Peer 1: 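Mind looking over this structure? Questions follow.
Numbering of ligands and ligand atoms starts at 1, following listing order. Here, residue 1 is the first one in the sequence, and each next residue gets the next number. Quick caveat: nothing in here was measured; it's all calculated off a predicted structure.
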Amino acid sequence: MSNPQPITEVSGSTNQEWQARKEDAVARGQGNIAPVYIERAKGSELWDVEGRRYIDFGTGIAVCSAGHCHPKITAAVTEQVNRFSHTCVMVTPYDTSVRLAEKLNELAPGPSKKKSIFVTTGAEAVENSIKIARAHTGRRGVIAFNGGFHGRTMLAMGLTGKITPYKNLFGPFPAELYHAPFPIEYHGVSVEDSLKSLHNLFAADIAPSDVAAIIVEPVQGEGGFYPAPVEFLQALRSLCDEHGIVLVIDEIQTGFARTGRMFCSEYAGVEADLMTVAKGMANGYPIAAVVGKAEIMDAPLPGGLGGTYAGSPLGCAAGLAMIDVIEEEKLADAALHVGEVFSTRLQALQQKFPKNIGHLRTEHGAMMAMELVNNGDAEQPAADLTKALIGKAYENGLALLSCGARGNVIRFLPALNISDELMNEGLDILEACLQELV
Ligand SMILES: Cc1ncc(COP(=O)(O)O)c(C=O)c1O
């Protein structure tokens, strides 16, 4: 396969030079998947400092869902920058923060009256959801799931159910956090097994009356793109109702039309008590939120929640524009179309490489994955092949991401409005790379 031809002027520096400078200047803990330094991006394409073009199947980890530099979002942010960039929402707020809260409250699934708060990152939204749940219940315990990912700050990291690289070296972890197995049929854990473990936890470790919250992703993101079965989310809802536990649904990766619904929990018809959102909410501008039932959201005292940059004017402007774009351009339907195109192509690929592609997950719109194994065996993860495939894809002009507790899942998170032509071009590169490696 030949390398993609440069189509912009070379900027006078190379990826290799920048990577060497980066390694000298930035601590290794903040790693990067590819030594590719981006100069500009548009729609579903990226160009690096050497003028090489990449088709973007990652969107900065499920963020730029409307494509890079969407004109409507860029215009809204530019207009905001020209008016003011910061006053602090906790000092002198602005109309866009109220409008965005109203919009989120309206969009959040379920009939209950909702309220929102804004923060800056997904991890912060998770931290705040637990603070709110504890303030509301007066309880201490929080239950999360193996393989779950909720962020890198102390409490969010404690809730994360994957040790390497997120938790090793960073203990001790906050107290009163518990983990239960997440149901993954492909790896032999049924919904029943998972619910049984929760009941064991209640018998052995913490009484349900001491549990403030259960936090769950409707599709595990970093953990490997494993969807929570509908009956599992519904069972968690019932369990929380029975014991007065706050159900937190972490929609940080799944939200804002990514899975073919505005929020993924809509597939299960489950109303969260609290929902955490970020990423696709503002197409690349840092803003995150907790949206939830008003009586729960109002538990903390005034001033107990927030942050200097919480709900920045730029994030609010981008968020409002993004929601308009999702609605005007029917991005939820577009996500379903993306899922169908990938599903057809990936199934053909699996038939061609049955020993290497163990499992496909394409039932949630544009949040798709293929799990790579050896000898067609679910319990023989092919982490080396996954790593090699990612490297080769970048060499050949395709920006790709991996995930998974075993490091053997390729995840696909293109923009929801990516053209069929670019999808197929990217999938052709993927196929050729895999062919070369196996
Ligand atoms: C489900 C989920 N929760 C929380 C986070 C943390 O978000 P952030 O990286 O913005 O702190 C992520 C990020 O990948 C995520 O996927």
Peer 1: Quick one: do the Glu185 and Tyr226 side chains pair a donor with an acceptor below 3.5 Å?
Peer 2: no
Peer 1: Do Arg411 and Glu222 pass the salt bridge (charged side-chain N to carboxylate O under 4.0 Å, His left out) test, and can you show the C-alpha distance, the side-chain angles, and the key distance before you say yes or no?
Peer 2: CA-CA 9 Å; Arg411 56 173 150 174; Glu222 306 301 304; 2.9 Å; yes
Peer 1: Return the residue, atom name and 0.1 Å-rounded distance of the protein heavy atom closest to atom 2 (C) of ligand 1.
Peer 2: Phe149 O, 3.3 Å
Peer 1: Would His359 and Gln350 count as having a side-chain donor-acceptor pair, cut-off 3.5 Å?
Peer 2: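 Their side chains do not contain a donor-acceptor pair, so the 3.5 Å distance test is not met.
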Peer 1: In terms of ring plane angle, is the pair Phe342 and Phe412 parallel, tilted or perpendicular, where the classes change at 30° and 60°?
Peer 2: tilted
Peer 1: Heavy atoms only: which of Met157, Gln220, Glu217 lies closest to atom 1 (C) of ligand 1?
Peer 2: Glu217
Peer 1: Mind checking whether Asp250 has a heavy atom under 4.0 Å from ligand 1?
Peer 2: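 Within the 4.0 Å threshold, so yes.
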Peer 1: Among protein heavy atoms, which sits nearest to atom 16 (O) of ligand 1, and what does the distance come to when rounded to 0.1 Å?
Peer 2: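 Residue, atom and distance for the closest contact: Gln253 NE2, 2.8 Å.
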Peer 1: Quick one: does Ala123 get within less than 4.0 Å of ligand 1, heavy atoms only?
Peer 2: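 Distance cut 4.0 Å: Ala123 passes for ligand 1.
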Peer 1: For atom 13 (C) of ligand 1, what's the nearest protein heavy atom and its distance?
Peer 2: Lys279 CE, 3.3 Å
Peer 1: Quick one: does ligand 1 sit under 4.0 Å from the side chain of Glu124, the backbone, both or neither, non-hydrogen atoms only?
Peer 2: neither
Peer 1: Go through ligand 1 atom by atom and flag the ones less than 4.0 Å from a non-hydrogen atom of Glu222.
Peer 2: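 That gives atoms 14 (O) of ligand 1.
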Peer 1: Quick one about Ser112 and Glu271 (side-chain donor to acceptor, distance below 3.5 Å, no hydrogens or angles considered), yes or no?
Peer 2: yes
Peer 1: Which atoms of ligand 1 have any heavy atom of Ile252 under 4.0 Å away?
Peer 2: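 Going through ligand 1 atom by atom, the ones under 4.0 Å from Ile252 are 2 (C), 3 (N), 4 (C), 5 (C), 12 (C), 15 (C).
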Peer 1: For atom 10 (O) of ligand 1, what's the nearest protein heavy-atom neighbour? Residue, atom name and distance, please.
Peer 2: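 Result: Gly122 N, 2.8 Å.
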Peer 1: Take the angle between the ring planes of Phe232 and Phe182 and call it parallel below 30°, perpendicular above 60°, tilted in between.
Peer 2: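 Phe232 vs Phe182 ring planes: perpendicular.
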Peer 1: Taking the side chain as everything from C-beta on, heavy atoms only, tell me whether His68 gets closer than 4.5 Å to Arg40.
Peer 2: no
